[in-house]
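Let me begin by presenting the structure, written as structure tokens, before commenting on it.
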Amino acid sequence: MKIAISGAGVAGPTLAYWLHRTGHEPTLIERAKQFRTGGYVVDFWGAGYRVAQRMGLETAIRDAGYEIQTLRSVGREGQTLASLSVDGFRRAAGGELTSLARGDLASVIYDAIQQDVETIFDDSITAISQHPDRVSVSFAQSAGRDFDLVIGADGLHSNVRRLTFGPKHDAEHYLGCLVAAAVVEGYRPRDESVYVTYSRPGRSVARFALRGDRTMFLFVLRSEEGHDPGDLEGRKALLWREFADAGWECKHILAAVDDSDDLYFDVVSQIRLDHWWSGRVALVGDAAACVSLLAGEGTGLAMTAAYVLAGELRCAQGDFQRAFHAYETRMRPLIEEKQANAKKLLPVFATKTQIGIRIRDLVMRAMNFRPLGDLVVARGLRDDIDLPTYLM
């Protein structure tokens, strides 16, 4: 079948890879002018890691990734308040754990398919019209085309979801936080292989040293309204208002971010839909069921969902509605469990009170006691899904 995939992030290229292997003709549609790399650092493990292994990408992903050794919470003067070794996380994941920029993971996947799969950059879908035997798609720039199926892999603010299921407010559930991330060059100090985080009530900022003398910063901020200022200068101004007087290195960090032209900014939300498909249109990854940044596993879940969707299409032998139903039935329990767990982690990322921060740091220190740490981490990293071995 000819299958349009909106979105060339993680889910879209993964789906294109497996569809191409099974004889379909996928076309990726990406609104960015060119493939995007970088972004905030994510942890990669679990079912998504196993999918990457089946794609033969484990070595490339680990080469692009980082082996974080320590999580460190610091105080206003930079003093260490709590420190937690990552060894327990590695043990729980059986060594199959790495951390890398979300865009770098997407790039590894895309490199595996870019010679085989058509990609339309700098364009987006503006209308979807379903017919008994096809889907007619209109584009912002290109001439309209017909496909057999359309898959929305276009993230939290999915255009395909809006066109198919209606306004996003019906599906998007705001979790009360804003997130921003930036990568700058030449920042000092650097703490190699250490994820350093500083918290004030309702706010946190973290830094992590990247290759090439770069540093990534991640800001998390509680906000009742969930308002994105929209433009780059407005976003920077919001960060200055919220973090300038917070202490630690915040003013120094904000000054470094001011020199950056690339600031990721978004709301922390989940997507919850009664159904992930309608007719010949289906959703995958964050477009279908975003678990939010707080879950820490969105990229792995996106790859897992893409693999399962392609596998079920293979098993259904052309009966796409049967495939869509089987895909959702297999993935939904896992996704709903991860969404529930993510909401519980909100106090870890943006603790409301100073007492809450102290309790969180106390828990971090206690988790260095191996039996306790291994028990807690094993529960958090477990993926309750029987990942099928499809003939692909």
### Message
For Asp133, is the CG atom crowded, meaning more than 12 foreign heavy atoms sit under 6.0 Å from it?
### Response
yes
### Message
Surrounding CG of Asp231 (heavy atoms of other residues, nucleotides or ligands, distance under 6.0 Å), is the total greater than 12?
### Response
yes
### Query
Taking it one step at a time, do Ile109 and Leu57 satisfy side chain to side chain contact (heavy atoms under 4.5 Å, CB included)?
CA-CA 7 Å; Ile109 302 167; Leu57 301 179; 4.1 Å; yes
Side chain proximity check, [X] to [Y], heavy atoms < 4.5 angstrom:
X: Leu210; Y: Val41; value: yes
X: Leu71; Y: Thr197; value: no
X: Ile3; Y: Glu25; value: no
X: Ile68; Y: Val194; value: no
X: Ile61; Y: Leu100; value: yes
X: Leu149; Y: Phe324; value: yes
X: Leu362; Y: Arg358; value: no
X: Val179; Y: Phe265; value: no

Looking at [X] versus [Y], is the centre-to-centre ring distance below 6.0 Å?
X: Tyr66; Y: Phe208; value: yes
X: Trp276; Y: Tyr327; value: yes
X: His252; Y: Tyr187; value: yes

Please answer whether the main-chain N or O of [Y] pairs with a side-chain N or O of [X] as donor and acceptor at a distance below 3.5 Å.
X: Arg370; Y: Gly88; result: no
X: Gln339; Y: Cys290; result: yes
X: Gln79; Y: Glu77; result: yes
X: Thr164; Y: Val160; result: yes
X: His24; Y: Met1; result: yes
X: Thr22; Y: Trp18; result: yes
X: Thr70; Y: Arg72; result: no
X: Asp116; Y: His20; result: no
X: Arg280; Y: Val135; result: no

### Task
Tell me, with the steps shown, if Asn159 and Ser124 meet side chain to side chain donor-acceptor pair (under 3.5 Å).
CA-CA 8 Å; Asn159 190 41; Ser124 59; 5.0 Å; no
#### Entry: salt bridge (Lys or Arg N to Asp or Glu O under 4.0 Å) contacts in which one or both residues fall within residues 201-225, not counting sequence neighbours
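Pairs touching residues 201-225 that pass the test: Arg188-Asp213, Arg190-Asp213, Asp191-Arg207, Arg207-Glu249.
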#### Entry: side-chain contact (heavy atoms from CB on, under 4.5 Å), paired with Ser199, selected from Val205, Val74, Val220, Ile357
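So, applying the side-chain contact (heavy atoms from CB on, under 4.5 Å) to Ser199 and each of Val205, Val74, Val220, Ile357, only Ile357 qualifies.
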### Task
Would you please say whether a donor-acceptor pair under 3.5 Å links the side chains of Glu96 and Gln53?
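Side chains of Glu96 and Gln53: pair found under 3.5 Å.
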### Task
Scan side-chain atoms only and decide if Arg272 and Gln270 contain a donor-acceptor pair under the 3.5 Å cut-off.
yes
Go through the structure and list residues passing salt bridge (charged side-chain N to carboxylate O under 4.0 Å, His left out) with [X], not counting sequence neighbours.
X: Glu67; answer: Arg62, Arg90
X: Arg235; answer: Asp228
X: Arg102; answer: Asp286

Name each donor-acceptor pair under 3.5 Å that joins a side chain in residues 299-310 to protein atoms two or more places apart or in another chain, with its distance.
| unit_1 | atom_1 | unit_2 | atom_2 | d |
| --- | --- | --- | --- | --- |
| Thr304 | OG1 | Gly48 | N | 3.2 |
| Thr304 | OG1 | Gly300 | O | 2.8 |
| Tyr307 | OH | Arg54 | NH1 | 2.6 |
| Tyr307 | OH | Pro388 | O | 2.8 |
| Tyr307 | OH | Tyr390 | N | 3.3 |

So, taking the atom named [atom1] in [X] and the one named [atom2] in [Y], what distance separates them when rounded to the nearest 0.5 Å?
X: Asp266; Y: Leu156; atom1: CG; atom2: CG; value: 5.5 Å
X: Ser260; Y: Lys236; atom1: OG; atom2: NZ; value: 6.0 Å
X: His325; Y: Asp319; atom1: NE2; atom2: CG; value: 11.0 Å

Give the cluster check for [X] versus [Y]: same hydrophobic cluster or not, with ILVMFWY residues linked at side-chain heavy-atom distances below 4.5 Å.
X: Leu375; Y: Leu97; value: no
X: Phe121; Y: Leu15; value: yes
X: Leu81; Y: Val363; value: no

### Message
salt bridge (Lys or Arg N to Asp or Glu O under 4.0 Å) for Asp122 and Arg31? Distances and angles first, verdict last.
### Response
CA-CA 4 Å; Asp122 195 22; Arg31 66 179 180 177; over 6 Å; no
### Task
Determine, stepwise, if the pair Trp45 / Thr98 fulfils side chain to side chain contact (heavy atoms under 4.5 Å, CB included).
CA-CA 7 Å; Trp45 79 90; Thr98 190; over 6 Å; no
### Task
Could you pull out the closest heavy-atom pair between Ala64 and Val108, with the gap in Å?
CB-CG2, 4.4 Å
### Query
Which atoms form the tightest heavy-atom contact between Arg21 and Met392, and what is the distance?
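Closest approach of Arg21 to Met392, heavy atoms only: NH2-O, 2.8 Å.
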#### Entry: Qualifying residues under side-chain contact (heavy atoms from CB on, under 4.5 Å), relative to Asp123, sequence neighbours excluded
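Residues passing side-chain contact (heavy atoms from CB on, under 4.5 Å) with Asp123: Ile120, Phe139, Ala140, Gln141, Ser142.
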### Task
If a pair satisfies side chain to side chain donor-acceptor pair (under 3.5 Å) and one of its residues is in residues 143-154, list it, with sequence neighbours excluded.
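Passing the test, one end in residues 143-154: Ser6-Asp154, Glu118-Arg145, Arg134-Asp146, Ser136-Asp146, Asp154-Ser158.
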#### Entry: side chain to side chain donor-acceptor pair (under 3.5 Å) pairs, two or more places apart, involving residues 340-353
none
With [X] via ring-ring contact (aromatic ring centres under 6.0 Å, His included) - residues at least two apart:
X: Phe35; value: Tyr110
X: Tyr40; value: Tyr264
X: Tyr195; value: none
X: Tyr198; value: Trp248

#### Entry: From CA spacing to verdict: side chain to side chain contact (heavy atoms under 4.5 Å, CB included), Ser269, His173
CA-CA 5 Å; Ser269 296; His173 295 259; 6.0 Å; no
